[in-house]
*Asks:* 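Below: one structure in structure tokens.
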Number of protein chains: 2
Amino acid sequence: MKIRNDYTCPLEIVHDIIKGKWKTIIIFQMRSASVSLSDLEKSITGISQKMLLQQLNELRQFGLVDKENAPGYPLHVDYYLTERGQRILKAIEIMQEVGIDYMVEHQLTDILDQKGICYRK
Amino acid sequence: MKIRNDYTCPLEIVHDIIKGKWKTIIIFQMRSASVSLSDLEKSITGISQKMLLQQLNELRQFGLVDKENAPGYPLHVDYYLTERGQRILKAIEIMQEVGIDYMVEHQLTDILDQKGICYRK
DNA sequence: CCGTATCCGATCCGATACTG
DNA sequence: CAGTATCGGATCGGATACGG
């Protein structure tokens, strides 16, 4: 992804930052600890390795995510949220609540039960 | 847009809710009052009427926005955020701060000055 | 002022195969 | 385990024209 420099408002950047099918989910999965690529791949249902890598790289370009190569073999890379990434995470957590709200309203709570996500009403 | 019912996690819904080039901006522009279509069109640089309508309708499907036809002539329709829309707005405001942060870091503050958006550092 | 329809290029993303 | 490359269908969004 080519980084632009002709943005006309801050939310235009935000769109570039979080656009794509998987970005919010990826960020959310990094909420509590740094993770390896394969950990992420396992925890996100339906994502392909290609998309995972691609979107992680875009998140890195915007400074939300960083990575660090652990020494030794087999190869191991830790991905983690930067301070900026953690700020976006706050927003994502709020939006997730709205998503849950929507699922409750539309009787889609099976998945919530299944994943052990709590909700009320 | 066809509403799905096979979501596998709340953030998948969130993605459907806010995806598209203009959704976050539209929601943000409705933050303080209900607005007419033409007001929105004027306040959002670069948007076409088609996209504005389309994305407003999607927001309505997800229950973030509602509209009300004002009586009288010429026709006038008020669009406004629902309670759910206002919750998403909270998230968008946080993300906007991150966008501003990014602009400051990349010396893109001209637009901020121009729009009278305040920032520090 | 409000809303819908069509055409068409640009972009996204899934599948798949391959390298270190 | 980590990462790159390509191909093709689906979707997105801009331009434009038209109707209530």
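Chain A is the first sequence line, chain B the second, and so forth, proteins listed ahead of strands; every chain is numbered from 1. Not measured: the values here are computed from a predicted model.
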*Asks:* Measuring to OP1 and OP2 of dG3(C), would you say a side-chain N or O of Y79(B) lies under 4.0 angstrom away?
*Replies:*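 It does, given that an N or O in the side chain of Y79(B) lies less than 4.0 Å from OP1 or OP2 of dG3(C).
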*Asks:* Does atom CD of Q61(A) have more than 12 heavy-atom neighbours, drawn from other residues, nucleotides or ligands, at distances under 6.0 Å?
*Replies:*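 Counting neighbours around CD of Q61(A), more than 12 heavy atoms of other residues, nucleotides or ligands fall under 6.0 Å, so yes.
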*Asks:* What I want to find out is whether R84(B) reaches E97(A) closely enough, with some N-O distance under 4.0 Å, to be called a salt bridge.
*Replies:*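 No, this pair does not count.
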*Asks:* Measuring from the side chain of K21(B) (C-beta onward, heavy atoms only), which nucleotide among dC1(C), dG13(D), dA2(D) has the closest atom?
*Replies:*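 Nearest nucleotide to the side chain: dG13(D).
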*Asks:* Establish, yes or no, whether the cationic atom of R4(A) lies under 6.0 Å from the six-membered ring centre of Y7(A) and within 45° of the ring axis.
*Replies:*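 Pair R4(A)/Y7(A) counts as cation-pi.
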*Asks:* Do D113(A) and Y119(A) pair up side chain to side chain, a donor and an acceptor below 3.5 Å, judged on atom types alone?
*Replies:*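 There is such a pair between these side chains.
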*Asks:* Regarding T8(A) and E12(A), do their side chains bring together a donor and an acceptor under 3.5 Å, going by distance alone?
*Replies:*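 Result is yes, a qualifying pair exists.
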*Asks:* dG13(D) C1' sits how many Å from W22(B) CH2, rounded?
*Replies:*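 Answer to the nearest Å: 10 Å.
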*Asks:* In whole angstrom, give the distance that lies between atom CE of M1(B) and atom C1' of dA10(D).
*Replies:*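 Checked: the CE to C1' distance equals 14 Å.
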*Asks:* With a 4.0 Å cut-off, would you call E58(A) and K23(A) a salt bridge?
*Replies:*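 Yes, E58(A) and K23(A) are salt-bridged.
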*Asks:* For dG3(D) and K67(A) - does any side-chain N or O of the residue sit under 4.0 Å from the phosphate oxygens OP1/OP2?
*Replies:*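 Answer yes for this pair, as a side-chain N or O of K67(A) is under 4.0 Å from OP1 or OP2.
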*Asks:* Output the rounded distance in Å from CG (L37(B)) to C1' (dC1(C)).
*Replies:*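 After rounding, the reported distance stands at 8 Å.
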*Asks:* How large an angle, rounded to 10°, do the end axes of the helix from dG3(C)-dC18(D) to dG20(C)-dC1(D) enclose when each is built from five base pairs?
*Replies:*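 Between the axes fitted at each end of the helix from dG3(C)-dC18(D) to dG20(C)-dC1(D) lies an angle of 30°.
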*Asks:* If you assign H15(A) and P74(A) each to the DNA chain D nucleotide with the nearest heavy atom, which residue ends up on the more 5' nucleotide?
*Replies:*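 In this pair, the answer is P74(A).
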*Asks:* For K19(A) and dA10(C), give me the distance from atom NZ to atom C1', rounded to whole Å.
*Replies:*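 Result: 11 Å.
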*Asks:* Does K67(A), at its NZ atom, have more than 12 non-hydrogen atoms belonging to other residues, nucleotides or ligands within less than 6.0 Å?
*Replies:*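 Yes.
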*Asks:* For dG20(D), does OP1 or OP2 lie under 4.0 Å from any side-chain N or O of Y73(B)?
*Replies:*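 Indeed not, no polar side-chain atom of Y73(B) lies that close.
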*Asks:* Side chain of L75(A) only, please: which of dG3(C), dC1(C), dG20(C) is the nearest?
*Replies:*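 Looking only at side-chain atoms, L75(A) lies closest to dG20(C).
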*Asks:* Same hydrophobic cluster for Y80(B) and I92(B), using side-chain heavy-atom links shorter than 4.5 Å among ILVMFWY?
*Replies:*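 No, separate clusters.
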*Asks:* Within the pair S38(B) and dC2(C), is there a side-chain N or O less than 4.0 Å away from OP1 or OP2?
*Replies:*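 Yes, because at least one side-chain N or O of S38(B) sits under 4.0 Å from OP1 or OP2 of dC2(C).
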*Asks:* Over how many whole Å does the gap from K23(A) atom NZ to dT11(C) atom C1' extend?
*Replies:*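 Those two atoms, NZ and C1', are 13 Å apart.
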*Asks:* Please report the distance, rounded to the nearest Å, between CD1 in I26(A) and P in dC13(C).
*Replies:*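 After rounding, the gap between these two atoms is 10 Å.
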*Asks:* Got a sec? Which of residues 39-64 of chain B come in under 4.0 Å of DNA chain C, heavy atoms?
*Replies:*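 Q49(B), K50(B), L53(B), N57(B) - these, ordered by number, are the residues of the stretch whose heavy atoms sit under 4.0 Å from the strand.
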*Asks:* I need the NZ-P distance between K2(B) and dT11(D), as an integer number of Å.
*Replies:*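 So the NZ-P distance, K2(B) to dT11(D), works out to 10 Å.
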*Asks:* Nearest 0.5 Å please: distance from the CG atom of L59(B) over to the CD1 atom of I27(B).
*Replies:*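 Nearest 0.5 Å value for the CG-CD1 distance: 5.0 Å.
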